[in-house]
Amino acid sequence: MFFKRTARREVFYKTDEEVEAIRKSCLMVCDTLAHIGSIIKPGVTGTQINAAAETYIQDLKAIPSFKNYNGFPAALCVSVNEQVVHGFPTDYAFRDGDIVSVDCGVYFNGFHGDAAYTFAIGEVHTDVMRLLKVTKDSLYKGIDNAIEGKRIGDISFSVEEYCKKYHFGVVRELTGHGIGRNLHEEPEVPNYGRRGSGMVLKSGLVIAIEPMITLGKRDIATLSDNWTIVTRDRKPAAHFEHTVVVRKQKADILSDHSKIESAIKNNPDLREI
Ligand code: MG
Ligand code: MG
């Protein structure tokens with residue numbers, strides 16, 4: 001889930017102890033997403049994976065961050081094909097060829113974790129597989145810039161520059177965000193921007209970086225449910241997210257997609273990205 005624009009607020013830098021608490025929540029998120037990766041296949045619905053996630057998070061004695069957040073009704077955002085982010089879990093049964101962005105947040109011991117992964121179900125079109133790969137790689141281009149002394153704009157620029165090389169659309173209206181005791185904190189982390197612009201990064205800043213990239217034009221619309229974001233041209237969109245902490249030489253990635261990717265490897269109905 002991404003940042004909704006609000007008034008400027010304080011930036012919170014985290015102690016090492018707080019960072020470890022956020023890591024714990026992030027790993028719970030990724031365990032949940034790995035569980036989803038083990039059960040998602042053609043015929044399964046968003047409602048079903050959401051129920052599985054709620055049970056999983058409950059068993060961890062944690063709280064789903066998204067449920068009731070600004071009125072969001074579920075533990076997961078489930079966004080299929082042309083849906084960019086913030087899709088509601090519904091009774092639509094996933095089909096061979098669908099891509100499904102699953103975004104999850106967990107609150108545990110006073111801190112939130114946030115991560116997202118887009119699953120490719122069955123025989124996904126080559127162009128869409130390329131979109132997924134480029135979006136995922138762009139996330140790591142951004143993370144490479146989440147180091148002390150650089151600026152928010154360096155992260156934003158690196159994501160945008162990489163995706164534009166492939167002529168994909170970079171969604172501008174939604175951004176990554178600071179995270180900690182609140183699901184969404186300052187600063188916003190856009191996926192487009194100018195190199196060397198924005199806030200200077202300091203060790204201890206924890207941010208969720210989440211490129212939202214489209215196969216066609218970058219323009220989006222909100223469905224009548226007031227949540228689901230879709231591409232205006234209804235072409236597919238991809239979304240990958242990590243929570244990271246800014247450090248001196250290299251960002252420390254607090255979430256762990258490798259758990260999800262192991263589940264994908266072991267699920268014959270999913271394609272590896
Ligand atoms: Mg998220
Ligand atoms: Mg987020």
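Note that ligands are numbered from 1 as they come in the structure, with each ligand's atoms numbered from 1 the same way.
No other N/O/S atom of Asp103 lies as close to the Mg ion (ligand 1) as OD1 does. Among heteroatoms of the N, O or S kind in Glu210, OE2 lies nearest the Mg ion (ligand 2). For Asp114, the N/O/S atom at the shortest distance from the Mg ion (ligand 1) is named OD1.
Applying the ring-ring contact (aromatic ring centres under 6.0 Å, His included) rule to Phe108 yields no partners; only residues at least two apart in sequence or on another chain are considered. A search for side-chain hydrogen bond (donor to acceptor under 3.5 Å, both in side chains) contacts involving Lys217 returns nothing, not counting sequence neighbours.
Within the coordination shell of the Mg ion (ligand 2), defined by N, O or S atoms under 2.8 Å, His177 is present. With 2.8 Å as the limit, Glu241 counts as an N, O or S neighbour of the Mg ion (ligand 1).
Summarising the geometry of Leu131 relative to Pro236, their closest heavy-atom pair is CD2-O, 3.7 Å, with the distance given to 0.1 Å.
The only member of His257, His239, Glu261 that meets side chain to side chain donor-acceptor pair (under 3.5 Å) when paired with Tyr117 is Glu261.
Between Tyr69 and His184, the gap from one ring centroid to the other is short of 6.0 Å.
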